[in-house]
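This report refers to the structure that appears directly beneath it.
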Number of protein chains: 2
Amino acid sequence: METRPLDTAAPTSTAKRARGLDRAFEILDFLRDQKSPMRPNEIAVQIGAPRSSVYELVNLLLRNEILELAGGDGRVFLGRKLYFLGAAYEEQFDFTRECEAALEMIAHETRETSQFCMLDGNKYIVVRMKEGARPFRISSDVGQSVPIPWTASGRLLVAHLSDQEIIDFIPPQDFQLPNGEWLEPAVFIREVREAWLKGEFTFDSIVDSFTHCFAVPVLDANRRCVATLCLVAPREDGIENREEYLLCLKRASQRLSGQTSVPPLSR
Amino acid sequence: METRPLDTAAPTSTAKRARGLDRAFEILDFLRDQKSPMRPNEIAVQIGAPRSSVYELVNLLLRNEILELAGGDGRVFLGRKLYFLGAAYEEQFDFTRECEAALEMIAHETRETSQFCMLDGNKYIVVRMKEGARPFRISSDVGQSVPIPWTASGRLLVAHLSDQEIIDFIPPQDFQLPNGEWLEPAVFIREVREAWLKGEFTFDSIVDSFTHCFAVPVLDANRRCVATLCLVAPREDGIENREEYLLCLKRASQRLSGQTSVPPLSR
DNA sequence: AATCAATGTCCGCTATAATGTACAAGTGAT
DNA sequence: ATCACTTGTACATTATAGCGGACATTGATT
């Protein structure tokens, strides 16, 4: 019926005149990232957009209650309407309940921190998290965007793409790990394929130096990985209980997979 | 430092060429209302927008993951990104936790159904609800838009507006009650003023014929009504326990009011 | 077969939205 | 007092986004 040109979702930076809609969502994403109200001018500067455009868009978004004045001094932040729209999404694809139950179960059996993760555009994000029995400082907060190659889940979340698509999909600079080293895309892709075959991926976290990460895929009706369940454990614990932990994760993911309540992956 | 032109929020309907952004959010609101995936063509027809425009916008929104393919046959629905944005909003104005606690408390003390309500544009909506001990069919679902004059909470939610602003704000046809009768705007306004003075409004529901509704305001730091707590009880129960219920509601609202976690009302 | 309605695509026209630029006002440092 | 900087507003220009309308498919109904 159609085949989208596969625009790589990237808001394309080279365009001379950006489209209002794209700019608008760029603003929203930026605010989400900042996690705090900002002034239009500041937004314009930071996202590298013309001031006049940003002012106009911000006013439009305010009118629609997509943005709200917040924090005084003309600062704006994400608005109530987004909350309502998000709630409507959640209601339609009601994965949160089962998801919460799955995390609960994992946390109960393993006493470790467990997470439910997805892709947001071309980044990885933690959608829900359940702290383990002895909580320790986890590097990635809920809702924080993280480069895909930095994470165990990342190996599974792009498994439905071809090699070339993976290359095109992930921003090149995201292959630079937090320690400065570069991860060879070919190596990453090999890990992706292996992870998909085994239905799991585990490694010592790249982001910190004391945890071991486990990830297993959550599949939609078409057996595509739309999300992951993962588990973050202190390294010794992780190594020691490896098989038990993996089994637990897989049991949980099995229960989630294929449910109609899991949102399908487009394309 | 500035005074926004105060654009009266009206999405201006007379415009010849609608702005893409407005159309886009019109689509999103429409989908929220429908609560199910729809085809672009159908959307265009129902919201009375040019087909070509809607197709273009839908594609743009798909690219940004604001919409997702869902339900097959090219149907689209609200997308994951909206969920993420909504979550970010919720985190910033973290009223849900206290709110949930307040509802819990009310439900526990009264055994009746309690709700947390706000304005969504120029409509009333139930943001959260806690079913009472003996749940009965409540007319208004969570997330459903309802005309302001139909609800007890409506009397409080517009209390910060002047008479004229109230008239301008509420769509004229919303003064027609579900039974077909017209509520005189002047009468409504009088009720608004009284409700605000007493810090409460109660009446036999207009929407159904067997419940009595109680509403009390939740105030922000500027003492403006940004939300309401309300309680829906069978009529006899409502009349009988009137004072007790009101007291309970007011205690709960007191705890919520003025918290920084309550989102401020713009303008 | 023929007709009609519903759906998706394509393309040219033009109203207008995005932009650059100039201006004004406030703030703080020197 | 002067400069540098940040923030918000106003306006003219032009690239383009929204629109109308033609066309192609499909599937149901006659």
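Because the structure is predicted, anything quoted here is derived from the model rather than measured. Heavy-atom basis, side chains included; hydrogens, waters and symmetry copies ignored. Below, chain A is the first sequence line, B the second, and so on; all start at residue 1.
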Nearest non-hydrogen partners of A:Asn122 and A:Asp174, listed with the distance: O-OD2, 4.3 Å

Could you tell me how far apart A:Glu42 (CD) and D:dC5 (C1') are, to the nearest whole angstrom? 14 Å

Heavy-atom neighbours of A:Arg193 CZ exceed 12 at 6.0 Å: yes

Just compare D:dG18, D:dG20, C:dT9 and give me whichever is closest to any side-chain atom of B:Pro50. D:dG20

Which of D:dA10, D:dG18, C:dA18 is nearest the side chain of A:Ser52? It is D:dA10

Taken to the nearest whole Å, CG/A:Asp22 to P/D:dA15 is 20 Å

How close or far is atom P of C:dT9 from atom CZ of B:Arg39, stated in whole angstroms? 11 Å

Rounded to the Å, how far apart are A:Glu56 CD and C:dG20 C1'? 14 Å

Nearest whole Å is fine: how far is D:dT16 C1' from B:Leu21 CG? 15 Å

I want to know whether B:Phe95 and B:Phe116 have ring centres closer than 6.0 Å. yes

Integer-rounded Å distance: C:dA6 C1' and B:Asn41 CG: 6 Å

Just to confirm, is there a sub-4.0 Å distance from OP1 or OP2 of C:dT16 to any side-chain nitrogen or oxygen of B:Arg19? no

In terms of the angle between their ring planes, are B:Tyr83 and A:Tyr89 parallel, tilted or perpendicular, with boundaries placed at 30° and 60°? tilted

Base, sugar-phosphate alone, or nothing: which one does B:Arg23 contact when heavy atoms must sit under 4.0 Å apart? sugar-phosphate

Starting at CZ of B:Arg17 and ending at P of C:dA15, how long is that distance when rounded to a whole Å? 7 Å

If I take atom CZ in residue B:Arg51 and atom C1' in nucleotide C:dG8, what distance separates them, rounded to the nearest angstrom? 7 Å

